[in-house]
Chemist: 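Dropping the structure in here first, questions after.
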Amino acid sequence: MGKALIIGCGGVASVAIHKCCQNSDVFEEIMIASRTKSKCDALKAKLDGGKTIIHTAQVDADNTVELIKLIESFKPDVVLNLALPYQDLTIMDACLATKTNYVDTANYEPLDTAKFEYKWQWDYKERFEKAGITALLGSGFDPGVTGVFSAYAMKHEFDEINYIDILDCNGGDHGYPFATNFNPEINIREVSAKGSYWENGHWVETEPMEIKREYNFDEVGIKDMYLLHHEELESLALNIKGIKRIRFFMTFGQSYLTHLKCLENVGMTSIKPIEFEGKQIVPLQFLKAILPDPSTLGPRTVGKTNIGCIFRGKKGGKDKTYYIYNVCDHQECYREVGSQAISYTTGVPAMIGAMLVMNGTWKGAGVFNIEEFDPDPFMDALNKFGLPWQEDFNPTLVD
Ligand code: NDP
């Protein structure tokens, strides 16, 4: 059916590319382009032989001119951005210049400020409308599936949703005292920032990890979870009618938090450059270099993730609660695609978002968050491509 250009060849991209190859009726031809071409070539060597034709290329995704050249030579139907959030705008610029659809999994973050917001990407709305192309923002799990779950709940289960709690539980154990499950730099920037939630039309800010709750997750068990700021809160606050409060909680073990506190206290998580032996280095980037590469965690991670949303609202004039979630097993993911569940739960929805934009199921000129589209085809695809969801009509609520 079409061609996709995939930018980046890390943990998430590797899963998305495996999934594109499993879905070769849609992804007839793909190009994997990243900073380190050898990684793209290694993945191609692993996957060649199936129906999807795979090309590789080297690209610096910070450089719009290079990107435009690559897009013009390959002429993809969609660009799937699986590099880092810093590259979102240069890639969107290249898509505009070449009138090519755009999909990503994480919102833009400037390199020198640990703050992600949609405003930069939402600013492209008019230009994408004029160009007649689609940008689909945040097609991972969270953001991504959490927005699809919200749209699905709104469409099928509620007249009005008043409260959403997004619960992201990783019950996996990789056996290291400290490692992050996706890009360490992005992960540590996210969890060491202040927390916040949306309530009655405004943001309430908290200290990092200030709000803690305990929850008993299906197939995982009881875990501590902490309130974080998270990207989808911003778009769901606008797109879900009747919303009064949205919060996001993520589980962390005590060992992870103790290590993180220590690293913070000694300055290792700072993004301010320092001078070291005559060279400018960013402590957090140095830390990334010495931590285990998340793409190597697959073989050693056991346990499950459980990520979903608890909704409270009204249906037919009555109060209603509804919980929808996915449970994913790290080892099953590893057996299937050679990655752990965090990359898997992001890479599968990335492929699905690209598929729906590419085959025209989701269309529209402009910049869209995922909950703005019809959730049903995405929900079906989740069941088909390895992330089946479960429902609970009487869940335990988070106080
Ligand atoms: P990785 O660090 O494993 O991979 C990033 C890839 O992008 C690497 O291949 C890297 O190249 C490449 N890259 C980085 N900078 C450039 C550049 N300037 N030009 C070209 N290529 C570049 O990250 P992950 O796979 O873990 O994460 C990918 C994305 O997914 C991130 O944006 C992350 O925030 C997002 N994410 C979203 C989630 C969600 O649920 N929505 C959950 C988890 C992650 P090289 O190999 O040379 O380093």
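All residue numbers refer to positions in the sequence shown, counting from 1. In listed order, ligands and their atoms are each counted from 1.
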Chemist: Can you tell which of Phe182, Tyr108, Tyr86 gets a heavy atom nearest to atom 44 (C) of ligand 1?
Modeler: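 Closest candidate by heavy-atom distance is Phe182.
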Chemist: Side chain, backbone, both or neither: which part of Thr36 has a heavy atom under 4.0 Å from ligand 1?
Modeler: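 Within the 4.0 Å criterion, Thr36 contacts ligand 1 through backbone and side-chain atoms alike.
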Chemist: What do you reckon, does Pro294 put a non-hydrogen atom under 4.0 Å from ligand 1?
Modeler: no
Chemist: Is the His156 ring parallel, tilted or perpendicular to the Tyr152 ring (thresholds 30°, 60°)?
Modeler: tilted
Chemist: Do Pro143 and ligand 1 have an N or O pair less than 3.5 Å apart?
Modeler: yes
Chemist: Below 30° counts as parallel, above 60° as perpendicular, anything between as tilted: where do the rings of Trp362 and Phe373 land?
Modeler: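 Parallel: the ring planes of Trp362 and Phe373 meet at under 30°.
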Chemist: Report whether Leu228 and Phe149 are members of the same hydrophobic cluster (ILVMFWY, side-chain heavy atoms less than 4.5 Å apart, transitive linking).
Modeler: yes
Chemist: Write out the residue and atom name of the closest protein heavy atom to atom 27 (O) of ligand 1, then the distance separating them to 0.1 Å.
Modeler: Val12 CG2, 3.7 Å
Chemist: Measure from atom 31 (C) of ligand 1 to every heavy atom in Ser34, Gly138, Gly11, Ala83 and give the option owning the shortest one.
Modeler: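 Residue with the shortest heavy-atom distance to the ligand atom: Ala83.
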Chemist: Ala106 to ligand 1: N or O pair under 3.5 Å?
Modeler: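 So ligand 1 has no N or O lying under 3.5 Å from an N or O of Ala106.
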Chemist: Which one holds for Asn183 and ligand 1: side chain close, backbone close, both close, or neither close, with close meaning a heavy atom under 4.0 Å?
Modeler: both
Chemist: May I ask you to check whether Lys288 has an N/O atom sitting below 3.5 Å from an N/O atom of ligand 1?
Modeler: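 Looking only at distances, the answer is no, because the N/O contact criterion of under 3.5 Å is not met.
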Chemist: Before signing off on this row, confirm whether Phe141 and ligand 1 have an N or O atom pair separated by under 3.5 Å.
Modeler: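 Phe141 vs ligand 1: N/O contact under 3.5 Å present.
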Chemist: Identify whether the distance between the nearest side-chain nitrogen and carboxylate oxygen of Lys320 and Glu157 falls below 4.0 Å.
Modeler: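 Between Glu157 and Lys320 there is a salt bridge, with a charged N closer than 4.0 Å to a carboxylate O.
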Chemist: Are Met225 and Ile211 linked, directly or through other ILVMFWY residues, by side chains that come within less than 4.5 angstrom of each other?
Modeler: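 Yes, Met225 and Ile211 fall within the same hydrophobic cluster.
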Chemist: Identify, by atom number and element, the atoms of ligand 1 in contact range of Asp60, meaning under 4.0 Å from any of its heavy atoms.
Modeler: 18 (N), 19 (N)
Chemist: Would you name the heavy atoms of Leu80 and Ala16 that are closest together and state the gap between them?
Modeler: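 So the two residues come closest at CD2-CB, 4.4 Å.
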Chemist: Find all atoms of ligand 1 within a distance of less than 4.0 Å from any non-hydrogen atom belonging to Lys39, and give their numbers and elements.
Modeler: 45 (P), 46 (O), 48 (O)
Chemist: Using a 6.0 Å cut-off, check whether atom CZ of Phe276 has over 12 heavy atoms from anything other than its own residue.
Modeler: no
Chemist: Is a salt bridge present between Lys261 and Glu264, judged by a nitrogen-to-oxygen distance below 4.0 Å?
Modeler: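 A salt bridge links Lys261 with Glu264.
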Chemist: Using a plain distance cutoff, I'd like to know if Ala13 has any nitrogen or oxygen under 3.5 Å from a nitrogen or oxygen of ligand 1.
Modeler: no
Chemist: Can you say whether the rings of Phe248 and His230 are parallel (under 30°), tilted (30 to 60°) or perpendicular (over 60°)?
Modeler: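 Aromatic pair Phe248/His230 classed parallel.
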Chemist: I'd like to know if Asp399 pairs up with Arg213 as an ion pair, taking the criterion as any Lys NZ or Arg NE/NH1/NH2 lying under 4.0 Å from an Asp or Glu carboxylate oxygen.
Modeler: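 Yes, charged N to carboxylate O under 4.0 Å.
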Chemist: Between Gly10 and ligand 1, is there a nitrogen or oxygen pair with a distance under 3.5 Å?
Modeler: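 Yes - when backbone and side-chain N and O of Gly10 are compared with those of ligand 1, one distance drops under 3.5 Å.
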Chemist: Arg247 and Tyr197: which non-hydrogen atoms are nearest, and at how many Å?
Modeler: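 Residues Arg247 and Tyr197, closest heavy atoms: CG-CB, 3.7 Å.
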Chemist: Give a yes or no on this: more than 12 heavy atoms of other residues, nucleotides or ligands lie within 6.0 Å of atom NZ of Lys69.
Modeler: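 No, the 6.0 Å shell around NZ holds no more than 12 heavy atoms from other groups.
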Chemist: Distance under 4.0 Å to a non-hydrogen atom of Ile186: what atoms of ligand 1 satisfy this?
Modeler: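 With Ile186 as reference, the close atoms of ligand 1 come out as 34 (O).
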Chemist: Under 4.0 Å from a heavy atom of Val59: give me the atoms of ligand 1 that qualify, with their elements.
Modeler: 19 (N), 20 (C)
Chemist: What class does the angle between the rings of Tyr118 and Trp122 fall in, given that below 30° is parallel, 30 to 60° is tilted and above 60° is perpendicular?
Modeler: parallel
Chemist: In the protein, which heavy atom is nearest to atom 5 (C) of ligand 1, and how far is it?
Modeler: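 That would be Leu84 CD2, 3.9 Å.
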Chemist: When you measure from atom 16 (C) of ligand 1 to each heavy atom in Glu66, Glu231, Glu232, Gln87, which option holds the nearest one?
Modeler: Gln87
Chemist: I'd like to know if Lys314 pairs up with Asp159 as an ion pair, taking the criterion as any Lys NZ or Arg NE/NH1/NH2 lying under 4.0 Å from an Asp or Glu carboxylate oxygen.
Modeler: no
Chemist: By number and element, which atoms of ligand 1 are closer than 4.0 Å to a non-hydrogen atom of Cys9?
Modeler: 6 (C), 8 (C), 9 (O)
Chemist: Among all the protein's non-hydrogen atoms, which is closest to atom 22 (C) of ligand 1, and how far away is it?
Modeler: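 Looking at atom 22 (C) of ligand 1, the protein heavy atom closest to it is Arg35 CB, 3.8 Å.
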Chemist: With heavy atoms under 4.0 Å as the rule, classify the contact between Leu82 and ligand 1 as side chain, backbone, both or neither.
Modeler: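 Backbone only.
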Chemist: With a heavy-atom distance limit of 4.0 Å, tell me whether Pro349 approaches ligand 1 through its side chain, its backbone, both, or neither.
Modeler: neither
Chemist: Go through ligand 1 atom by atom and flag the ones less than 4.0 Å from a non-hydrogen atom of Ala61.
Modeler: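 Once the distances to Ala61 are compared, the set is 17 (C), 18 (N), 19 (N), 20 (C).
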